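Everything below concerns the one structure shown next.
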Amino acid sequence: MYDAIIVGARCAGSATARLLAQRGQRVLLVDRASFPSDTVSTHCITAGGVAQLERWGLLDRVLATNVPAVNSFTLTIGAMELANPLPVDEGAVGSTSPRRTVLDKLLVDAAVEAGAELREGVTFRDVLRDPASGAVVGIVGTTASGEAVEERAAVVIGADGTHSNVAEAVGAERYNLRQSHGSGYYAYFSGFPATAVELAFNKHHFAGVFPTNDEQTCVFAGRAEDDFAAFKDDVDAGHLACLDTASPRLGEWMRSAARESRWYAFRAQECFFRKPFGDGWALVGDAGYYKDPVTGHGITDAFRDAELLANALTSDGGDLASYQARRDDMSAEIYSATQDIADLAWDDNGLVEIFMRFGAAVEKERLEITAF
């Protein structure tokens, strides 16, 4: 009998497992992948997430993986180029953007070091329920070799992403739905002379730049979902055309860069909040709350919610209603602004106003996270 079984061992799941294990909980962490393992991601850990990594004693480990600490951010909207529109304390790490093969493995290892039990190659199939009360009391699954897995816990936590099988199994309600409208591709490049995180928007084209491990840069670019088929016909040309439109400077940089990876696609989809708890279960990370990746803020919110959930389960007497209320309150304006950007319905002046809202919400969140 475990105190918690966590399904999904990436950012939200591993962080939650580590925090619970450090507080004396017996934790089982399962994932169908074996680590290191890649996943589609915006990579960026913004200032609030950096503050958590530092508090958790993991920031130095992350930076030791040859990923740069970045304290500059450039926002380009049409002809306007804004340097550091979001506040960063002088000398502080504003963000860092590790590859997920690096970050997820580091977080999994940290959870195991804290005392969590890890089982890789386990696919979740369903929850176990108490026949009398209907409460969730465990999970059933299969190993990579087809052997049955059945384990029980006081709480089952779904940290298994946007299309969460745990959320589906427990019937978690979705609310505050918003449709995204942009799709595109990203890849990793050498010789791309970026020293700052960048976001660029123009004529409903968008691009993002995240310096990552080993002197490579993740560069994403996209446009309206309706144009995705044409984009897909020639990804190299479509990606460069998006960069040229979003920011001619980034397009020019791309012409001197070399692609070092395959292309990774990201598609428009419906974004949501899910009710993140019920009798014997909880959700964390993208399983419980998903916004469009255009603002690159997902990892930070995954870390935030991992700590909110761990606090609720151990320090707040298991008050998961308060976990939901705090998560929703801290997410509301970031979600609203992100989805307004992802609507691709703005003009330049309107987009500046949206980013002012987004920046204020991110700074408010950072201060709240720092005070956890």
Side-chain angles (χ1 to χ4, degrees), residues 41-52 70-89 92-97 176-182 184 196-210 218 220-223 246-247 250 266 268-273 285-286 289-305 326-370:
S41 177
T42 55
H43 299 72
C44 193
I45 307 171
T46 56
V50 167
Q52 285 180 283
V70 176
N71 59 7
S72 296
F73 169 54
T74 300
L75 173 64
T76 300
I77 298 176
M80 296 176 285
E81 192 168 287
L82 309 172
N84 295 317
L86 303 180
V88 177
D89 293 339
V93 178
S95 68
T96 188
S97 302
N176 200 359
L177 306 181
R178 295 281 301 268
Q179 180 64 45
S180 295
H181 295 280
V197 168
E198 300 210 22
L199 295 177
F201 303 85
N202 189 35
K203 299 178 181 176
H204 302 151
H205 290 61
F206 55 93
V209 172
F210 302 101
C218 175
F220 77 79
R223 56 194 184 194
S247 167
L250 296 182
F266 58 91
Q269 65 181 72
E270 195 169 54
C271 301
F272 57 82
F273 288 75
D286 284 350
Y289 153 57
Y290 178 74
K291 61 188 171 303
D292 190 272
V294 67
T295 52
H297 203 68
I299 296 175
T300 294
D301 282 350
F303 288 171
R304 180 202 71 191
D305 292 348
R326 186 85 188 275
R327 181 203 67 174
D328 288 6
D329 179 67
M330 293 182 71
S331 303
E333 189 59 22
I334 291 173
Y335 179 74
S336 174
T338 295
Q339 295 309 129
D340 286 349
I341 296 166
D343 280 345
L344 301 184
W346 28 259
D347 58 24
D348 289 353
N349 290 332
L351 188 55
V352 171
E353 293 178 3
I354 295 169
F355 262 101
M356 289 177 65
R357 285 169 42 212
F358 177 75
V362 166
E363 176 62 6
K364 179 175 180 289
E365 179 192 55
R366 183 187 71 84
L367 294 173
E368 290 189 62
I369 287 172
T370 302

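Nothing here was measured: the structure is a model prediction, and the numbers come from that model.
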If I take atom [atom1] from residue [X] and atom [atom2] from residue [Y], how far apart are they, to the nearest 0.5 angstrom?
X      : Y      : atom1 : atom2 : answer
Phe303 : Gln52  : CZ    : CD    : 7.5 Å
Phe358 : Leu75  : CZ    : CG    : 10.0 Å
Thr295 : Gln339 : OG1   : CD    : 8.0 Å
Ser41  : Ile299 : OG    : CD1   : 4.0 Å
Thr338 : His297 : OG1   : NE2   : 7.5 Å
Cys271 : Tyr289 : SG    : OH    : 9.5 Å

Smallest separation among heavy atoms of [X] and [Y], with atom names:
X      : Y      : result
Leu199 : Gly208 : CD2-CA, 4.0 Å
Lys291 : Gly298 : NZ-CA, 3.9 Å
Ala200 : Ser247 : CB-CB, 3.8 Å
Ala361 : Ile334 : CB-CG1, 3.6 Å
Asp292 : Ser180 : OD2-OG, 2.7 Å
Thr370 : Ala51  : OG1-CB, 4.1 Å

Would you say His204's side chain and Leu344's backbone share a donor-acceptor pair under 3.5 angstrom?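 Indeed, once roles are kept as given, a pair shorter than 3.5 Å links the two residues.
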Please check: side-chain N/O of Asn84 versus main-chain N/O of Phe73, any donor-acceptor pairing under 3.5 Å?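 The answer is yes, because a donor-acceptor pair under 3.5 Å joins these two groups.
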Run the side chain to side chain contact (heavy atoms under 4.5 Å, CB included) test on Phe355 and Ile341 for me, step by step, so that the C-alpha distance in whole Å, both residues' side-chain angles and the decisive distance to 0.1 Å come before the verdict. CA-CA 8 Å; Phe355 262 101; Ile341 296 166; 3.6 Å; yes
Tell me, yes or no, whether the heavy-atom count around Met356 atom CE, taken from other residues, nucleotides or ligands under 6.0 Å, exceeds 12.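 No, CE of Met356 has 12 or fewer neighbouring heavy atoms, counting only those of other groups under 6.0 Å.
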Mind jotting down which residue pairs meet the side-chain hydrogen bond (donor to acceptor under 3.5 Å, both in side chains) criterion with at least one end in residues 73-83? Sequence neighbours excluded, please.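 Sorted pair list: Glu81-Arg249.
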Taking side-chain hydrogen bond (donor to acceptor under 3.5 Å, both in side chains) as the cut-off, I'd like each qualifying pair that reaches into residues 342-351, sequence neighbours left out, listed once.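 Those involving residues 342-351 are Arg178-Asp343.
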Taking the side chain as C-beta and beyond, is there a heavy-atom pair between Val294 and Phe201 under 4.5 Å?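 Yes, their side chains come closer than 4.5 Å.
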Check step by step if side-chain hydrogen bond (donor to acceptor under 3.5 Å, both in side chains) holds for Thr300 and Arg366. CA-CA 9 Å; Thr300 294; Arg366 183 187 71 84; over 6 Å; no
Determine, stepwise, if the pair Arg357 / Ser336 fulfils side chain to side chain contact (heavy atoms under 4.5 Å, CB included). CA-CA 9 Å; Arg357 285 169 42 212; Ser336 174; 3.0 Å; yes
Might you work through the salt bridge (Lys or Arg N to Asp or Glu O under 4.0 Å) test for Glu333 and Lys364, ending with a clear yes or no? CA-CA 10 Å; Glu333 189 59 22; Lys364 179 175 180 289; over 6 Å; no
Any chance you could lay out the salt bridge (Lys or Arg N to Asp or Glu O under 4.0 Å) test for Arg304 and Asp301, step after step, and finish with the verdict? CA-CA 5 Å; Arg304 180 202 71 191; Asp301 282 350; 3.3 Å; yes
Walk me through it: do Tyr335 and Asp328 pass the test side chain to side chain contact (heavy atoms under 4.5 Å, CB included)? CA-CA 9 Å; Tyr335 179 74; Asp328 288 6; over 6 Å; no
Does a side chain donor of either Thr46 or Ser95 reach within less than 3.5 Å of an acceptor in the other side chain?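 No, Ser95 and Thr46 have no side-chain donor paired with an acceptor closer than 3.5 Å.
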Ring centroids only, cut at 6.0 angstrom: are Phe273 and Tyr290 within range, meaning strictly under it?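 For Phe273 and Tyr290, the ring centres are not under 6.0 Å apart.
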